[in-house]
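Each chain gets a letter, A, B and so on, in the order the sequences are listed, and its residues count up from 1.
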Amino acid sequence: MVFPFLKYSKKSPGETANEIGNFIVSEIQEIESFNVINGFLNLVICDDYWVSALLKAVNEENYGFTNISEHSKLVMVEYSSPNTNKPLHLGHIRNNLLGFSLAEILKANGHRVVKTNIVNDRGIHICKSMLAWQKWGRGETPESTGGKGDHFVGELYVEFDKHYKEEIEELVNKGYSKKEAEENASLIQEARELLIKWEAGDKETVNLWRTMNEWVYEGFDVTYRKLGVDFDKIYYESDTYIAGREEVLRGVDNGIFYRKEDGSVWADLTKNDLDHKLLLRSDGTSVYMTQDIGTAKMRFNDFKIDQMIYVVGNEQNYHFEVLSILLDKLGYEWGRDLYHFSYGMVELPSGKMKSREGTVVDADDLIAEMEDYARQMSQELGKLENLTREEAENNYEIIALGALKYFILKVDPKKNMLFNPQESIDFNGNTGTFIQYTYARIKSVLRKAAERNINYKTELSPDTLLSNKEKDIIKRISMFPDIVKEAGKEYSPALIANYCYELVKEYNQFYQDHSILHESNTIKRNLRLILSLTTSRIIKKSMQLLGIKVPERM
RNA sequence: GCCCCGGUAGCUCAGUUGGAUAGAGCAACUGCCUUCUAAGCAGUAGGUCAAGCGUUCGAGUCGCUUCCGGGGUACCA
C-alpha cells in the first residue's frame with residue numbers, strides 16, 4: 001500500500017509502487033517478484049523461504065512458546081470464585097474456561113503463573129441456605145438423598161428465596177412498601193442474626209456452616225475435575241474477611257475512611273468521581289469489598305506477585321475500579337495495577353440466567369447432555385468401531401468437552417454471548433470437534449507412514465516446489481508464535497481458537513486435493529508429511545492453550 | 001437520571017489495530033466417498049456493517065449526535 005509515500009515520491013501510485021518494488025526485489029533475496037494493483041504493491045516470496053520457515057517450525061523445540069525461567073514475571077490469576085450456596089452454571093463455566101486458558105496462555109508467553117480460587121464461603125447468602133436447612137431440611141443430607149452436595153445446598157437456597165418472597169408478598173398486602181417488606185421480613189432478619197452469630201464464632205452455627213460447605217466442596221470437585229480446571233492455591237473468604245476488616249479499621253484510624261453515627265464504615269470516593277462506598281455494616285459485619293481487600297493483602301504476603309489478574313464478569317467493573325482505588329489509598333503500590341479481566345455475560349434465548357429463579361443451565365447437566373450427544377453421534381456415524389469400550393467412552397468425553405470449551409472460548413471474552421442449548425451443541429463447521437477430527441485424521445496418516453517405514457524427517461529439499469495451498473498453510477504455521485504473543489498481550493483465548501480454526505480449515509482443503517502417502521514424488525511426499533506433522537503439533541498446542549484435549553483417533 | 005459496554009448475512013460469530021470485491025459456521029439448495037477418516041471438501045444464495053454527520057487519498061474500524069439492547073449505580077455477591 002503506497003499511498004502514504006506519495007507525498008515523498010511526488011509521483012503516481014503506480015510509478016511509486018514500481019520503483020519500490022524494483023528496489024526491494026534487487027535488495028532482498030527472499031523476494032522473488034512483485035506486482036502492482038490499484039496502488040497496492042504485492043511482494044512474492046520465493047518457495048525456499050517458506051520451506052525453511054516450515055523446517056524452523058518443525059525442528060524448533062517449544063515452537064511458538066517462550067520458556068519460563070525463575071526470573072520470569074509471576075502472575076497470579078484468580079478465577080472461578082464460586083459461592084458455596086449453589087452449584088456451578090453456564091456462567092461459571094465461561095469463567096473457569098477463560099481463567100484456565102488465560103493461565104495456559106500466560107505460561108506459553110514465559111510467565112510463571114499461580115492459579116488461585118477465592119471461595120466465597122461466608123456471607124448473608126450462605127446463611128440463607130443454612131437457615132433453609134434448619135427450617136425445612138428435615139435433617140436430610142446429600143448422602144441420604146443421593147444427590148450431589150452442591151445441588152443439595154443450591155435447592156435449599158432456592159427454598160429460602162421462595163419462602164422469603166411469599167413473606168414479602170404477605171407484608172406488602174398488609175400495607176408495607178416493597179422495600180420495608182424486604183427489610184423487615186422475619187426470614188431475612190433470621191438470616192442476618194445467623195451471620196452475626198457466625199462472625200461471633202457461635203459453635204452450633206459454625207458447625208452447620210462447616211458441614212454444609214463440605215457438601216458443596218465435594219460437589220464442586222467433581223465438576224472441576226470434569227472441566228479439567230485446577231488451582232495452585234485456594235483462599236477462603238472466611239479467612240480473608242478478617243484481614244480485610246483489620247485493614248478497613250486501620251484505614252479508619254489513619255483517616256482514610258470514616259465512620260458514620262450508626263457505626264458503619266465508608267470510603268469517600270467523590271474525589272475519584274465516584275460516590276461513597278460501604279466497607280463495614282453498622283452491625284459490624286463485612287461486605288464483599290471488605291473481603292476482597294483482605295484477600296489481596298494475604299495474597300501479596302504469600303507470593304511475590306508481579307501482576308494480579310482477576311477473572312470476573314463485567315457486571316463487577318465498578319467493584320474492581322473501587323477495589324483498585326481503595327488498595328491504593330491503603331498504601332499498597334500494587335493497588336493501581338490490578339487487572340480486572342472483565343468478560344461478558346452468557347445469555348440464554350430467554351434472557352439472563354438467574355440462580356434464584358432457576359433459569360440457569362446447570363454445568364453438570366450440560367456436560368452430561370453433551371456427552372450423550374457425542375455418544376449418539378459417534379454411533380450414528382459408525383465411528384470408533386475399532387476402539388475398546390473404554391477408549392470410546394474416553395472419546396465421548398473429549399469430544400463433548402472439546403465442543404463446549406471451543407464454543408465458549410472462540411468468542412471474544414469481552415463480549416456477551418448467547419448460548420442456545422438446543423442449537424449450540426454442534427459437531428460440524430467451526431467447532432472444537434472439527435479441529436479434533438482434523439487432528440485425528442493427521443495422526444492416522446502419520447501412523448500409516450510409520451507402518452510403511454516412511455522416514456519423513458530428513459529429506460526436505462530446499463528445491464521443493466510448493467502449491468498455493470501448501471504455501472498458505474506454511475504461512476499460517478509461521479504466524480503461530482505471533483498469535484500466541486498477541487493472545488498473551490490481549491488476554492484472549494479467542495485469538496488462539498480462531499487462528500487454529502483457520503489453520504485447520506486450510507489443512508482440510510489441502511488434504512482434499514493433495515495426496516500424501518500416495519504421492520510418488522518423494523520430495524513432495526516428504527514436504528506434505530512434515531507439513532502434516534507440524535500442523536498436528538500446532539493444533540495440539542493451540543488446544544492445550546484452550547484446555548481442550550485432542551484424540552488420536554475418532 | 002448518571003456511568004460503562006455492545007449493535008456486522010435469517011441465527012451464532014470473525015474482521016490482523018485506517019487499506020484492495022466485508023469473511024466463516026449454522027440453517028436452505030447443488031455436487032463430491034472403489035484412493036491417506038465424508039464429524040470432510042467444492043459450489044449457489046444471503047449485507048444500506050443500527051441511522052446520520054464529520055475527520056482523509058481511503059472508515060465496519062477514529063470523533064460527534066440519535067435510536068435500540070445489556071450491565072452498573074445496594075448495609076446483595
Side-chain angles (χ1 to χ4, degrees), chain A residues 1-4 6-7 13 37-40 42 81 83 85 120 123-126 128 179 183 192 237 260 262-266 273-275 277-283 285-289 291-292 312-319 321 342 344-345 347 349 351-352 374 377-378 380-383 399 403 407 410-412 414-420 423-424 426-438 440-449 452 479 482-483 486 490 494-495 497-499 501-502 505 508-519 528-529 532 553-554:
Chain A
M1 203 262 309
V2 295
F3 293 109
L6 298 186
K7 54 182 153 180
I37 302 164
N38 293 334
F40 286 83
N42 297 302
S81 312
N83 293 339
N85 64 338
N120 191 267
I124 189 74
H125 53 294
I126 312 292
K128 290 176 183 175
K179 194 162 180 179
E183 282 298 306
R192 282 195 189 122
E237 288 192 345
K260 280 190 184 172
D262 63 7
S264 57
V265 174
W266 296 76
D273 289 328
L274 300 169
D275 52 14
K277 188 75 190 172
L278 177 83
L279 299 177
L280 284 175
R281 293 191 186 99
S282 53
D283 64 10
T285 58
S286 302
V287 291
Y288 182 40
M289 188 62 79
Q291 294 161 187
D292 259 1
V312 180
N314 62 13
E315 57 193 351
Q316 294 188 29
N317 287 354
Y318 178 70
H319 173 81
E321 195 184 341
S342 165
M345 301 287 97
E347 282 159 16
K352 205 189 168 190
M377 286 306 294
S378 297
E380 260 175 40
L381 292 167
K383 303 279 175 181
I399 292 165
F407 183 86
K410 75 175 176 184
V411 180
D412 182 343
K414 291 196 280 287
K415 292 188 180 173
N416 288 357
M417 65 178 291
L418 189 117
F419 187 91
N420 185 331
E423 292 170 15
S424 297
D426 193 354
F427 296 157
N428 297 309
N430 186 0
T431 62
T433 317
F434 172 62
I435 292 169
Q436 291 171 327
Y437 173 72
T438 307
R441 230 183 189 184
I442 296 174
K443 294 303 273 193
S444 173
V445 173
L446 297 178
R447 268 195 306 274
K448 290 201 160 96
R452 295 170 198 180
M479 286 164 68
D482 286 337
I483 297 290
E486 184 76 6
E490 299 291 324
L495 293 178
N498 289 315
Y499 162 82
Y501 173 65
E502 296 294 332
K505 199 159 59 124
N508 276 310
Q509 290 162 355
F510 155 83
Y511 182 91
Q512 194 68 24
D513 46 34
H514 294 69
S515 286
I516 302 172
L517 298 174
H518 297 136
E519 174 59 55
R528 289 172 191 171
L529 281 162
S532 300
R553 44 189 108 217
M554 69 184 272

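We find the CG-CD distance between N416(A) and E315(A) to be 10.0 Å, quoted to the nearest 0.5 Å. The CG atom of N430(A) sits 7.0 Å away from the CD1 atom of I435(A) when rounded to the nearest 0.5 Å. Distance check: R441(A) CZ to M554(A) CE gives 10.5 Å after rounding to the nearest 0.5 Å.
Residue contacts shown for D275(A) are limited to sugar-phosphate atoms, with no base heavy atom under 4.0 Å away. Here D412(A) lies in heavy-atom contact (under 4.0 Å) with sugar-phosphate atoms only. Among the heavy atoms of the strands lying under 4.0 Å from E486(A) is at least one base atom, whether or not backbone atoms are also near. Looking at heavy-atom distances under 4.0 Å, E347(A) makes contact with sugar-phosphate atoms alone, never a base. Across all strands, N85(A) comes closer than 4.0 Å to no nucleic acid atom at all (heavy-atom distances).
Positionally, the nearest nucleotide of RNA chain B for N314(A) lies more toward the 5' end than for the other of D262(A) and N314(A). Place K505(A) and I37(A) on RNA chain B by their nearest nucleotides, and I37(A) ends up nearer the 5' end.
Comparing the same atom, P, in A27(B) and in G15(B) gives a spacing of 23 Å after rounding to whole Å. The same atom, P, is picked in C3(B) and in A74(B); the two are 16 Å apart, to the nearest Å. Comparing the C1' positions of G47(B) and C5(B) gives a spacing of 25 Å, expressed to the nearest Å. For the P atoms, the distance from G7(B) to A14(B) is 9 Å, rounded to whole Å. A gap of 23 Å separates the P atoms of C57(B) and G52(B), to the nearest Å. The same atom, C1', is picked in G18(B) and in G63(B); the two are 13 Å apart, to the nearest Å. Only the C1' atoms considered, G25(B) is 16 Å distant from G43(B), to the nearest whole Å. U56(B) sits 13 Å from G19(B) when the C1' atoms are compared, rounded to a whole Å.
For E490(A), the side-chain atoms get nearest to U17(B) when compared with the rest of A77(B), G7(B), U17(B). Listed nucleotides G25(B), A77(B), C75(B) differ in distance to N430(A); the shortest reach to its side chain belongs to G25(B). Closest to the side chain of L418(A), out of G70(B), U12(B), A77(B), is U12(B).
We find that CD of Q509(A) is positioned 7 Å from P of C41(B), with the value rounded to whole Å. The separation between L274(A) atom CG and C4(B) atom C1' is 12 Å, rounded to whole Å. Rounded to whole Å, the distance from NZ on K277(A) to P on G72(B) is 12 Å. Atom CD of E183(A) is separated from atom C1' of C76(B) by 11 Å (rounded to the nearest Å). Between the CG atom of L278(A) and the C1' atom of A77(B) there is a distance of 13 Å, rounded to whole Å. Per the geometry, CG belonging to L279(A) stands 14 Å off C1' belonging to A74(B), to the nearest Å. Straight-line distance from the CZ atom of F40(A) to the P atom of G19(B): 9 Å, rounded to whole Å. Atom-to-atom, CZ of R192(A) to P of A74(B) comes out at 16 Å; the value is rounded to the nearest Å.
Using cut-offs of 30° and 60° for the angle between ring planes, the F419(A) and F407(A) rings count as perpendicular.
Taking the side-chain contact (heavy atoms from CB on, under 4.5 Å) definition, one finds that N120(A) meets it with N83(A), H125(A), E237(A), Q291(A), sequence neighbours left out.
For U17(B), the base adopts the syn conformation, since its glycosidic angle falls within 90 degrees of zero. For C41(B), the glycosidic angle deviates from 0 by more than 90°, giving an anti base.
In a base pair of the Watson-Crick type (N1 to N3 plus N6-O4 or O6-N4) or a G-U wobble (N1-O2 and O6-N3), with each distance short of 3.5 Å, U12(B) is matched with A24(B). Within the shown strands, nothing qualifies as a pairing partner of U35(B) under the Watson-Crick or G-U definition with both distances less than 3.5 Å. Using Watson-Crick or G-U wobble geometry with both donor-acceptor distances under 3.5 Å, G60(B) finds no partner in any strand shown. Across all strands shown, A42(B) pairs with U30(B); the Watson-Crick or G-U wobble distances both stay below 3.5 Å. Base pairing of A50(B) is made with U66(B), judged by Watson-Crick or G-U wobble geometry with both donor-acceptor distances under 3.5 Å. Across all strands shown, U17(B) remains unpaired; no Watson-Crick or G-U wobble contact has both distances below 3.5 Å. Using the Watson-Crick or G-U wobble rule with both distances under 3.5 Å, C2(B) pairs with G72(B).
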Report the C-alpha separation of N85(A) and K128(A) in whole Å, then their side-chain angles, then the decisive distance to 0.1 Å, and conclude whether the side-chain contact (heavy atoms from CB on, under 4.5 Å) test is met.
CA-CA 8 Å; N85(A) 64 338; K128(A) 290 176 183 175; over 6 Å; no

Going 5' to 3' along nucleotides 30-39 of chain B, which nucleotides have protein heavy atoms under 4.0 Å from the base (write B), which only from the sugar-phosphate (write S), and which from neither (write -)?
-----SBBSB

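For S286(A) against R281(A), the heavy-atom pair with the smallest separation is O-NH1, 3.1 Å.
Judged by distance alone, with hydrogens and angles left aside, the side-chain atoms of S264(A) form no donor-acceptor pair with the main-chain N or O of K260(A) at under 3.5 Å.
Residue K410(A) places none of its side-chain N or O atoms closer than 4.0 Å to OP1 or OP2 of U12(B).
In this structure, the ring of Y437(A) has its center no less than 6.0 angstrom from the ring center of F427(A).
Between the side chains of N317(A) and S342(A), at least one donor-acceptor pair of N or O atoms lies under 3.5 Å.
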